[in-house]
Amino acid sequence: MAARVETPSSDVPLPESTPVPEPLSPTDTPSPPADDADVVLRIKDLRTYFFTYDGVVKALDGVDLKIRRGQTTGLVGETGCGKSVTAFSVMRLIPDPPGRILGGKVLFDGGDILWGLDKEATFTPIKGTNRVKISRSFRRIRRATERMSAVRGRGIGMIFQEPTQAMNPIFTISNQISETLLLHRGIEIVDGIMGMKPDNPAVAVALEGMVQASQRGKSGELRVAAEKLGEAAQLPSVGTQAYALFRAAGRDVEGARADVQNVLRGLKPSGLERSYLHHRKRLMELTDQLDDVYLREMRGEAGLGGARNRLRAKIRIEKLTHLHFGLWGIRGRAKRALERETFWRSVQLLEGMSIANPVQVARGFPFELSGGMLQRVMIAMALSAEPKILLADEPTTALDVTIQAQILELMRELKTRVGTAILLITHDLAVIAEVADRVCVMYAGTIVEEGEVHEIFRRPLHPYTQGLLASIPRLDRPDQEFTSIPGSVPNLIYPPSGCRFHPRCPYAMPVCKGDRPPVTIEGDDHAVACYLYKGPVRAD
Amino acid sequence: MATDPSTAAAPLTGSPTEPVPPAPSGRRPNPRLEQYKRTWFFLRRNTLALIGLGIIVMLVLIALYAITQPIPWNGLPECTASNNQVVKFTETGLPGGTSWSITINGVTSSTSGNNVTFSLASGPAYKFTVGNVTGYHASPASGTVNVAGAPITEKITFIAGGAVSGSSSGAASPGSSASLPSCSVCTYPVGTPVPGPNCYQTPKNVPGVIAPTVSLHPLTLGALPMGSLALQPDIPYFYNVYNGMLRGTDYSLLISFAIVIVGAFVGLFLGAVSGFFGGAVDETIMRLVDIFLSIPQLLFVIIVIAVVSTTYPGGLFGLSDLDTRVLLLISAFMIVWWPYYARIVRGQVLVVREQKYVEAARASGAGKGRIVMKHIVPNSMYPVFIQMSLDVGAIPILIGTLVFLGFTIWPTPYFPEWGTIAAFGTSDVIGQFLIGCEAGICVIPWWQMVFPGLALFLFAISVNFLSDGLRDALDPRLRR
Amino acid sequence: MSLSDDPNTAQVVISTHNLRKYFPIRGGLLSSHIGDVRAVDGVSFDVYDGETVGLVGESGCGKTTVGRLLLRLIEPTSGHTFYRPTPETVARLDRLYASVERMPRDNGGRVAAGQSASLKELDEIAEQYSLYRKSSGEMRKLRGKLQIVFQDPFSSLSPRMLVRDIIAEPMAIHHAGTRAERYQRVADLLREVGLNPEHEWRFPHEFSGGQRQRLGIARALSLRPEFIVLDEPTSALDVSVQAQVLNILRKLQTEQKLSFLFISHHLSVIRSMCQRVVVMYLGKVVEQAPTEEVFSRPLHPYTQALLSAIPIPDPELKRERIVLQGDVPSPAAPPSGCRFHTRCPAVLPICPRVDPPLIEVRPNHRVACHLYPNPIAKESAADLAVTASAPVATTVPATAS
Amino acid sequence: MRMWIYIVRRMILLVPIIIGVMTITFVLVNALPSYDHLVAVYGDPPRQRPWLYDPTVACNLLNSSMPADKQCVNPYYHNLAAPLGIGENPVTAWSQYMYRSLTFQWGTVSNDSTAGKTVPLIQGQEVTTVLAWYLPYTLELAIFALIIILLIAIPLGNLSAVYRNRPVDQASRVMSFSGYALPSFLLGSLLILGFVLLLGSGHSYYAHPPWCTSGEPTYNEFTGSWPVQACFAGGNYPSWLNQGVVTSPTGFPTVDAAIHGQYWLSLDTLARMILPALVIAFGSIAILLRFVRNSMLEVMNLDFVRTARAKGVPESVVVKRHAGRNSLNVTVTVLGLTFAFFIGGFPIIEDVFHLNGIGYILALSIQQTQAPLDFGLIFGSTLLFTYVVVIANCVVDVTYALLDPRVRLG
């Protein structure tokens, strides 16, 4: 079992001054602190390095961050300060090699996402040189990736900067949303299909209601009637479909009624199809159980290896024993029922993103849609699994101002409607001011200031925050002299010692060059890492 | 590292207010050297590329050595079995391609080439007669040769017109081209006792097939270290594979490099023109590229060479036969090769052309020539280099394939070029066991195809390893 | 066309009239010409000596194309850009273009015979001043006077050239000075843009974005130009660095009497940098006015929406915003009539049918919108009230802090 | 609708290519000496009149009353040469050549050429007829090889991209480079050699499969595709077998045998194609493998793959569904680009394995040291190979469009 493989890739120069990173000791109990029941995600001392030819880029060097339930936390900083790397590290999406998370904790849902990190790779300095050799255990890394499927999507969702690049170009929009739906809400969907009652007498009544609403020509009433139809059939997507059919038919109400009746007639899966759906459901249940095991593992429960392997074996057997569905051609037919259901569900989701023509959008391909539209689709996709946290990585940077305004409007609305905690990553303080509740200011791989949004804007404490705020050209304050922070963002291969801002800081003191400044609490929910402030040091 | 924007950290910390840290050691930094160092660093981590580099360096050294050795290409040691002797008839005066024949000792052999060779047991004198050729008469039309210890060359001159003149007779002295170095080895049939030192067993009593004579303990090379290569199993003289390989190193390398460089130049020029000017020029060139790429390249080379050598049997531009053929080969391959380069270069130029620095040069008033030479060509070169290094390895293989198909590209059937040797060796082996060997004594002359094949393989694969390593080292996206 | 009240004090550097650039779309069976992307569709404005004109619009509105057209990096479909026309010429041009625009057209779209005199006169002026009529030799000489700084600091510097060669290249092309003199000037230029002269021995990839942008500015300055197109010079930069570049630009402008065309989508920067603003939407100018006018009293609904869409870095400030619905239409199939009517919150019945002309509704303030149908005489400008149906601009709040 | 336009446009693009290829062959054919040109078109001169293609001839041969020592203009020559445009202006000659090419008058097989002498029944036949007889053999082998290529290259390429720089990748890399570096004649011969050593006497298996109990194992050079005659009932090849004159329903040997109920023969034919198909696939796999791997690596770094991972899609599905489908486009394109290389390998393979087919005929027709070569066959089969490549490229482009909605709809 040659688990560890020496990779030549890791033979990169390590500057003399860089200590070989020591991973966090695994003996720490990963239980969340009791005082903060509101915190859904907690990042502790996260360190992510990139081992490149030029040297070790210390992209994240001890990041501490909290995301609270129902709040929008803004993470703001300049290019290269590591804000995106933070999000990718949380999702474990750092390309490895060259990147590697070296230590820290990401506490989520009672467990540590980075569980077992220290066993994934070992670092040995090569004697007489300034290089380090990384031996990766690919087996453990693969296991960690598998484990992440329990978190990604349904635990933490993510949207990206370039919506046009972030969608798969060869699948339709509905196809891509359906994938997420089947992954995370598959059981519910299969149950819906199997348990639906298209013959229910209430269905006919509800359909009659739709016809009448349509004759009256009131689209609000039609929508309510459509929802009733969905309830009666015990499959909400039927309502959406019927609504779309009635809308498309316009005045031809009788035709629409016939169409809906056709749809209802075609809904019931046959016996063989039902057995395929059972199999799918069983697979999903097993996968869910496996995810549960993974989550428990992350929470620090020991001795789960047996259960995990049993489940994996069961999944394999389940997949093998149901090969015959493919041979009999049932899979295709049964999948169509699933596809229909997920299609209309994705239409529903798109409607929720205030997209005017959701059916058309769902049928379209990404290249047919504009950036703003795609960003809505991305948000719909990320929210379809109802994650606890949404990581939004510069969601409006690639968009025009007027479109950015639309997306920000949508995010504000979603915040109140869905209640998902959002981590909004952006370089634009103005966007933060518009949407965020709390702000974390990042500089060169560390968080320098953290606090409630009004507080930060009213009373910025850290010199970097002050400089950043002053350097924004203000529409409301014209003809100011442009102020800038002297110098530029430091090279993270050779980051400055002590406070990383000190070479650019107007208030730099000798002490700043020495140790990293501690994080002190300055007022209510306002913390800063700067020697200028002498408040109490933050506990953790 | 290019995958993540946040790692693109700025290496410089200069600003209007703070001075930039001075250059490392006071002297002016050489930035290009830095780039080479960087490339070498990535190449060094690729073991296969290093192996490839080593093999190529070795081959180049061998080629340099072989050039200094006095082994003429058409004078490859034709080793002769000790009990037989070669009698060679050389013709002058007939136009190329005309068939003529010689009868000696009751055996008639005809050819359209210049030479007819017989292998005759030493001792007696043999009578020969020259067959009639319409419109010519031969001088001498018949005669006698005394076969003694050395190979004999007899010259026949054909004179146009007139009737056949009377015969001349006399003992032919060894011909003037007997200066060819030869190596005599002693052969003996399977099952008979070893006659003496430097004697080698031949299967099926065929003196032309001799196994490698390398003895590993103690290391001796023998007369035929890599064995012999017999073009026809029944004639007693044969070729020394080792010498052929040695001599072939520089022929193969030179021809490959010549073909690739010429093809790349044409492709680079046409591709750059096509990509930069666009429009009708681009359309025309790209349609041409499509046309040339549709014709299977090997067949195209065959057709071009066949047509030209049929049309101009006497050679082109007054060049010697060998020079004509090398020129022909290079041109034919160039015609099939340039479209690949043109396509690569055009794709690259289309990307580079849209770069803002090209537009900036235009905004400063740079002319088209300057833009192409200073900006576009230097930035489109890397893929061309990589493709060139790949193609160099393919040429000897393609030449071998042509020869294997039975297509005549060299003036003599046996030409010291790896592909040619491998092709002859292989077809001989295949012939041996397809026709079948007698029960009990079935020796397959594996060395004929293994040694030249190995040379071809090693050359091509090391070139591939190296170019793959270079691609990885030069492509920032694939870097880690 | 002149906007300046007294054209004698300031010289026009660049004057562009009715500039159009259509990129053909090919399609169908035989790749025939099936339509045009109307990237720029009739743009006119002047740039005066020492002035910065802002060109604002969303992506795809054609503002970058305008910049490239002004330098003749691409050839226009029609229209002219005049370089340094004399004040009399400017006056003549205004008159001629006004008369050409008023010309009745017969069925074939041809100009009536009697008025072709104006066209002929225009042609004469164009022959003398228009960039698009210059021969390539004349154009090459002019290129030293007209320069450009690009948006992307990463692709605008050749990766295989040393910094000194990049900056000296324009001088080398124009054979300005000896080699030594050129490199001496490179060192001066580097100092001028706030870089260390030692940097000339490096490759561009060793610099950060802001530094590269400064290199681009140094290259543009090397031939002592008069007019520089700044094509989104700071949009790829971080805020803290952006100010450094903007300050350098301001300093250079005052020191060297440069004229800028500042192309940006960033209204806050425009407001601080420019004296006049041209707002574009889908290849057309919708509003054109002095900066203060545009920001304090935007007239076109698009400008109003644009202004209100800009997020303000102040959480205390809550304001009404106009959120435009839908996306920018494709310039390949622009909407009929007023191009903004598909998204306009104050659309009138006439909007989809008639394309509104750009008319002066307040002094020096031109708008292309049916809400403002009448050119207002300059005297009554003070009484100008926005038509009742126009959305009252919530726009920029009074300074809040 | 758009797809339809796309296909028609692609078809229109074929026209200049086909005209261009014909023009190239026209130039080459016309560069030949007129004698060879005439032989290529009309075949050898009849035995009674060997002087038929000479421009001038001893007068007594034309008319016995004329003196033998005088040279006369040969009227037959001019009758034959005029339709070929020999000695006329190039435009006329070109249009005549185009007409004949498009009407499939590609020349006649020479009686004296190696191919003419070796392959039964083809002497003096029209080149197109001969090519039509033997095209099915080659096509069958090509399809078989293509299936092998796709089945090996795509999964292996994906695998080596996913396990980059791990043993799988290194092994596939070495395999791929061997494909570049091993000449196919050498690989084929080595395989045959290996089987000879393995089975004891390979040649007898080749001619004489295990199920064949009767007849002496004689080696028949042109029957590499079939067992010896003696294996068949009556000691003769059945009349439906495609051995020249096609009386079989399809001409494809495997299909024909199956149609006539000789399933063992079908299987035997397939078995005979395994080795050659592997050899010919090896080179193409080498190229394809690298491209699949590199495009896969590129796709795996794209944003949408990251999106898929962030959605919680399992890694195997990410590779197969998201990255795999996207890199398939590249695979298809490269397959099109290498098709000429692939087709060009057939003469060698069919020569090494002595299989019936156009490649073998072509190999035979250039296998002679004595001029004149059989230019009719050489040009004909090259044209045919080129058309196969051109049509394959067209099919590939359409497939690409079908796979990629951006091309299909945009």
Side-chain angles (χ1 to χ4, degrees), chain A residues 77-81 354 356 369-373 396 398-406 408-410 427-437 439 452-458 464 467-489 491 504, chain C residues 57-61 207-211 234 236-247 249-250 265-273 291-292 295-296 302 305-318 321-328 330 343 395-401:
Chain A
E78 290 176 290
T79 314
C81 72
S354 43
L369 302 177
S370 67
M373 196 64 92
T396 60
L399 307 177
D400 275 322
V401 244
T402 53
I403 309 297
Q404 166 173 308
Q406 294 172 0
L408 292 181
E409 193 76 22
L410 176 69
H427 66 274
D428 194 349
L429 274 168
V431 170
I432 293 278
E434 297 258 328
V435 236
D437 301 312
V439 189
E452 201 268 332
V453 64
H454 291 88
E455 176 80 7
I456 295 274
F457 277 86
R458 200 186 306 123
Y464 176 65
L468 207 56
L469 275 170
S471 63
I472 308 173
R474 298 283 294 255
L475 198 56
D476 46 349
R477 289 181 219 147
D479 279 336
Q480 61 185 357
E481 178 62 21
F482 295 117
T483 45
S484 68
I485 308 174
S488 52
V489 183
N491 179 354
R504 300 173 78 186
Chain C
E58 291 178 282
S59 58
C61 75
F207 293 86
S208 69
Q211 288 168 324
T234 58
L237 305 180
D238 279 319
V239 255
S240 75
V241 181
Q242 163 177 300
Q244 296 171 359
V245 172
L246 291 178
N247 284 333
L249 286 174
R250 268 190 180 172
H265 63 270
H266 209 137
L267 281 164
S268 327
V269 177
I270 289 275
R271 177 164 211 189
S272 311
M273 284 294 290
T291 309
E292 272 322 298
F295 284 89
S296 58
Y302 176 64
L306 206 58
L307 283 171
S308 97
I310 294 168
I312 303 273
D314 193 341
E316 320 267 312
L317 197 75
K318 295 293 173 207
R321 36 158 100 240
I322 309 167
V323 176
L324 291 179
Q325 292 307 309
D327 285 314
V328 184
S330 154
R343 301 171 77 197
T395 66
V396 188
T399 44
S401 60

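Atoms considered below: every heavy atom in the structure, side chains included; atoms not considered: hydrogens, waters and symmetry mates. In what follows, every chain begins at residue 1, and chains take the letters A, B, ... in the order their sequences are listed.
- Residues forming a side-chain contact (heavy atoms from CB on, under 4.5 Å) with C/Val328 (at least two apart in sequence, or on another chain): C/Glu58, C/Tyr281, C/Leu282, C/Arg343.
- For chain C, the option among A/Val435, A/Val431, A/Ile456, A/Ile485 with the highest count of heavy-atom pairs below 4.5 Å is A/Ile485.
- Chain C forms the most heavy-atom pairs under 4.5 Å with one residue out of A/Thr402, A/Leu408, A/Leu429, and that residue is A/Thr402.
- In this structure, chain C has heavy atoms under 4.5 Å from both the backbone and the side chain of A/Glu78.
- When side chains are defined from C-beta on, A/Val489 does not count as touching A/Cys81, because their heavy atoms never get closer than 4.5 Å.
- Contacts of A/Ser370 classified as side-chain contact (heavy atoms from CB on, under 4.5 Å), with partners at least two apart in sequence or in another chain: A/Met373, C/Asp327.
- Residues C/Ile322 and C/Ser308 share a closest heavy-atom pair of N-OG, 2.9 Å.
- Only the side chain of C/Val323 comes within contact range of chain A, judged by heavy atoms closer than 4.5 Å.
- Within the 3.5 Å criterion, the main-chain N or O of A/Ser484 finds no donor-acceptor partner in the side chain of C/Ser240.
- Heavy atoms closer than 4.5 Å to chain A are found in the side chain of C/Gln242, but not in its backbone.
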